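The next block holds one structure in the form of structure tokens; read it before the comments.
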Amino acid sequence: MPEGHTIHRLAADHQRMFGGLAVAATSPQGRFAEGARRLDGRVLADADAHGKHLLLGFDDELTLHVHLGIYGRFGFGALPAPDPVGLVRLRLVGGEHFADLRGPNTCEVLEPGEVKLLRDRLGPDPLRADADPELAWRRISRARTPIAVLLMDQSVVAGPGNIYRAEVLFRQGIDPRLPGRRLSAGQWAAIWDDLVLLMAEGVRVGRIDTVRPEHTPEAMGRPPRVDDHGGEVYVYRRAGLPCLVCGTPVAAAEVASRNLFWCPGCQPSPV
DNA sequence: ATGTAATGGGGAT
DNA sequence: TCCCCCTTACATA
């Protein structure tokens, strides 16, 4: 499920299964019938991801733009494709595989100019080689907004979601309520470098693991605990449980209508 | 059977 | 700040 690492994996999956092939596109659900018709039979030239946005570039310069939101998901399988089950917004069929898309926030066909507009409103993506963390720092270093909110703003940084933002702030020992302008350049560099590390690992293993070797269940002689999302984390959704490092109960608050988790012991307020 | 939360984001107010 | 969209999975009754 979808933070940036998931979308980059999906881009790689599409490239591997459909890259260079003429792809049949349909919308069994019907809600994307016209878009599917525009794409049907075109060759997938380039599958790319920027933050949480999947961009499938077809020949004739049309791009399929998919944003999963919270609920959207892709399912893949080998041909022959079975009859669609449930609400399949888009089905792609290539040489040996099919892909079913359900519940996306966005599924649309974009012209080149529209793709540029989309990319221009996204901040640097820690998973992209062309990312420039300085662009994010220009925003952060002037903002009164809490760093936890800035890290969820896709125009500041593209890709991290609620898990990565909580976990990277924990790992760097930074109070999530600290205004952006009160971060040091060194702290931002550390956050960025850690995001690059964590998210690349997330792409590799397909889940979010943020617990360092010295704090794993084996290293600490505690029972293993994996979050519903499938990975092992320090603070995300661990409200009230003892911090894995210092034992302080993990704090939680709703910030900008999202749940935020942090350890008051390891991420002290600098005030 | 019903309720609710969830890794997201856009738009109105 | 609230409201709305999209869908599923788990909890509670």
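Predicted model, so just to flag it, every value in this text is computed and none were measured. Below, chains carry the letters A, B, ... as their sequence lines are ordered, and counting in each starts from 1.
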Distances for protein N or O near nucleotides 10-13 of chain B N or O, under 3.5 Å:
unit_1 : atom_1 : unit_2   : atom_2 : d
B:dG10 : OP1    : A:Arg121 : NH1    : 3.1
B:dG10 : OP1    : A:Arg121 : NH2    : 3.3

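- Following rounding to the nearest Å, A:Ile70 (CD1) and C:dT7 (C1') show an atom-to-atom distance of 10 Å.
- For A:Tyr236, a side-chain nitrogen or oxygen approaches OP1 or OP2 of B:dT7 to under 4.0 Å.
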Per-pair distances, 0.1 Å, donor-acceptor, side chain in residues 77-92 of chain A, under 3.5 Å, sequence neighbours excluded:
unit_1  : atom_1 : unit_2   : atom_2 : d
A:Arg89 : NE     : A:Gln29  : OE1    : 2.7
A:Arg91 : NE     : A:Asp100 : OD1    : 2.7
A:Arg91 : NH1    : A:Pro82  : O      : 2.8
A:Arg91 : NH2    : A:Pro82  : O      : 2.9
A:Arg91 : NH2    : A:Asp100 : OD2    : 3.0

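- As judged by a 4.0 angstrom heavy-atom cut-off over every strand, A:Arg31 is placed among residues touching the sugar-phosphate backbone only.
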Parsed dot-bracket for DNA chain C after applying the Watson-Crick and G-U rules with both distances under 3.5 Å and | for other-strand partners is |||||.||||||.

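- If you take CZ of A:Arg89 and P of C:dC5, they are 13 Å apart, rounded to a whole angstrom.
- Rounded to whole angstrom, the span from the CG atom of A:Asp209 across to the P atom of B:dT7 amounts to 17 Å.
- A salt bridge is defined here as a Lys NZ or Arg NE, NH1 or NH2 lying under 4.0 Å from an Asp or Glu carboxylate O, and A:Arg31 with A:Glu108 fails to meet this definition.
- Tested against A:His14 for a ring-ring contact (aromatic ring centres under 6.0 Å, His included), the candidates A:Phe76, A:Phe58, A:Phe98 yield a single pass: A:Phe76.
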| request: I would like to know whether A:Ser155 and A:Arg139 meet side chain to side chain donor-acceptor pair (under 3.5 Å); could you show each step before the answer? | output: CA-CA 9 Å; A:Ser155 70; A:Arg139 294 272 305 273; 3.2 Å; yes

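- Distance from the side chain of A:Lys52 is smallest to B:dG9 among B:dA6, B:dG9, C:dT7.
- The other residues sharing a hydrophobic cluster with A:Leu260 are A:Val149, A:Val255, A:Trp262, where clustering joins ILVMFWY side chains under 4.5 Å apart.
- Nucleotide C:dC3 holds its C1' atom 14 Å from the CD atom of A:Glu254, rounded to whole Å.
- Nearest nucleotide to the side chain of A:Glu3, out of C:dT8, B:dA6, B:dG8: B:dG8.
- C:dC4 sits 16 Å from B:dT4 when the P atoms are compared, rounded to a whole Å.
- The interatomic distance linking A:Asn105 (CG) with B:dA6 (P) rounds to 18 Å, in whole Å.
- Look at CZ on A:Arg237: it is 13 Å from C1' on C:dA11, rounded to the nearest Å.
- Here B:dG8 presents its P atom at 8 Å from CD1 of A:Ile163, a figure rounded to the nearest Å.
- A heavy atom closer than 4.0 Å to some atom of DNA chain B occurs in A:Met152, A:Gln154, A:Gly161, A:Asn162, these being the qualifying members of residues 144-162 of chain A.
- The phosphate of B:dG8 has OP1 or OP2 within less than 4.0 Å of a side-chain N or O from A:Arg258.
- Side-chain atoms of A:His67 lie closest to B:dG9 of the nucleotides B:dG9, C:dT8, B:dA6.
- Using cut-offs of 30° and 60° for the angle between ring planes, the A:Tyr164 and A:His5 rings count as perpendicular.
- Counting heavy atoms from C-beta outward, A:Thr106 and A:His65 have side chains that approach closer than 4.5 Å.
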Does the pair A:Asp209 and A:Arg207 meet the rule for a salt bridge (Lys or Arg N to Asp or Glu O under 4.0 Å), with working shown?
-> CA-CA 6 Å; A:Asp209 285 313; A:Arg207 62 177 201 224; 2.7 Å; yes

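- For the pair A:Asp13 and A:Arg16, the salt-bridge criterion is met [side-chain N within less than 4.0 Å of a carboxylate O].
- Taking the six-membered ring for Trp and thresholds of 30 and 60 degrees, A:Tyr236 and A:Phe261 have ring planes more than 60 degrees apart, a perpendicular arrangement.
- For the P atoms, the distance linking C:dT8 with B:dG10 amounts to 23 Å, nearest Å.
- In the set B:dA6, C:dT7, B:dG8, the nucleotide with an atom closest to the side chain of A:Gln29 is C:dT7.
- Proximity of a side-chain donor or acceptor of A:Arg258 to a complementary backbone N or O of A:Asn162 within less than 3.5 Å is not detected.
- Summarising the geometry, the separation between NE2 on A:His50 and P on B:dG9 is reported as 12 Å, rounded to the nearest angstrom.
- Every residue two or more places apart in sequence or in another chain that forms a salt bridge (charged side-chain N to carboxylate O under 4.0 Å, His left out) with A:Arg128 is listed here: A:Asp48, A:Asp130.
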